[in-house]
Amino acid sequence: MPRLILFNKPWGVLSQFTDRGTPEARATLSDYIDVPGVYPAGRLDRDSEGLLILTDDGALQARISSPKHKMPKTYLAQVEGEPDDAALAALSRGVTLNDGPTRPATVRRIDAPTLWDRDPPVRYRKSVPDSWLELTITEGRNRQVRRMTAAVGYPTLRLVRWRIGGWAIDGLTPGEWREIRRPAAAAFKDCFP
């Protein structure tokens, strides 16, 4: 039976267990998770927060993280400004980044979600409003959501991955994790598109 861990990665934590070769120590998964043999299924940038899945099953890890399986990943993005309908339409069609066009995203404006405080807090500018979007993508390029919102003129200030497939971080505070205990492969079918 594969092990599957849902982790709410705090801001500033690397999506790896070690950090060698840097002059200053940075927080890693080993500061939070002491489970031998599990590895992240995909990555989450150091300055992003939220759901990171870890498993000891290589095939499951590939299925979760490989873009060819089109696993939906849902993000809550606080952006600078108030995106207009044209920006949302561009995101939903897919935008062209420096490494090519993205797949279409599902995107909508949302009210500010009830989240934990971030340390350090997001910068606040009295003269520039901010707003929140919920975006679901089926890829996972480097800093993709941040690059997509910037491409349509609304830079991301805070990014929280809330859901991957059928798994979400409901009930987990930053730095907390829980193991999902289910019977083998058939139990995961609802989590894959």
Spatial distance of atom CG (L44) from atom CG (L14) [nearest 0.5 Å]: 11.0 Å
Sidechain-backbone polar pair: D56 side chain, R3 backbone, donor-acceptor under 3.5 Å: yes
Cluster overlap L76 with V13, hydrophobic side-chain contacts below 4.5 Å: no
Any donor-acceptor N/O pair, T102 side chain to G94 backbone, under 3.5 Å: no
Test item: V35 and W177 side chains (from C-beta on) under 4.5 Å apart, heavy atoms: yes
N/O donor-acceptor pair under 3.5 Å between S65 side chain and A41 backbone: no
D99/R147 salt bridge by N-O under 4.0 Å criterion: yes
D170 atom CG, neighbour heavy-atom count above 12 within 6.0 Å: yes
Side chain K9, main chain D45, donor-acceptor under 3.5 Å: yes
L115 vs R158 side-chain heavy atoms within contact, under 4.5 Å: yes
D130 vs V122 side-chain heavy atoms within contact, under 4.5 Å: no
Distance-minimising heavy-atom pair for L88 and P83: CD2-CB, 4.2 Å
Least distance between heavy atoms, G175 atom then P10 atom: N-CG, 3.5 Å
More than 12 heavy atoms from other groups under 6.0 Å of OH on Y39: no
Side-chain (S92) to main-chain (V107) donor-acceptor, under 3.5 angstrom: no
Straight-line distance of T55 OG1 to L60 CG, nearest 0.5 Å: 4.5 Å
N8 side chain to L172 backbone, donor-acceptor under 3.5 Å: yes
L4 side chain near I64 side chain, heavy-atom distance below 4.5 Å: yes
Within one Ile-Leu-Val-Met-Phe-Trp-Tyr cluster: L159 and L6, side-chain cutoff 4.5 Å: no
Sub-4.5 Å side-chain heavy-atom contact between L97 and R143: no
Single hit among R109, R161, K73, R108 for salt bridge (Lys or Arg N to Asp or Glu O under 4.0 Å) with E134: R108
Polar contact flag, side-chain donor to acceptor under 3.5 angstrom, R146-S48: yes
Aromatic ring pairing W162/W116, orientation class (parallel under 30°, perpendicular over 60°, tilted between): parallel
Closest approach of A151 to V95 (non-hydrogen atoms, all atoms of both residues): CB-CG2, 4.3 Å
Value rounded to 0.5 Å, distance of OH in Y32 from CD1 in I5: 15.5 Å
Shared hydrophobic cluster, L54 / L51 (ILVMFWY, side-chain heavy atoms < 4.5 Å): no
Over all atoms of both residues, closest heavy-atom pair of G42 and L52: O-CD1, 3.9 Å
Spatial distance of atom CD (E139) from atom CE (M71) [nearest 0.5 Å]: 14.5 Å
Same apolar cluster (I L V M F W Y, side chains within < 4.5 Å links), I53/V160: yes
Cluster link V152 to L135, ILVMFWY, side chain under 4.5 Å: yes
Min side-chain heavy-atom separation I110-L133 under 4.5 Å: no
Nearest heavy atoms of F17 and S30, plus distance in Å: O-OG, 3.1 Å
Nearest non-hydrogen partners of I33 and F7, listed with the distance: CD1-CG, 3.7 Å
Between CZ on residue R123 and CG on residue L157, distance to nearest 0.5 Å: 5.5 Å
Value rounded to 0.5 Å, distance of CD1 in I164 from CD1 in I169: 9.5 Å
Check: P40 main-chain N/O paired with Q61 side-chain donor or acceptor under 3.5 Å: yes
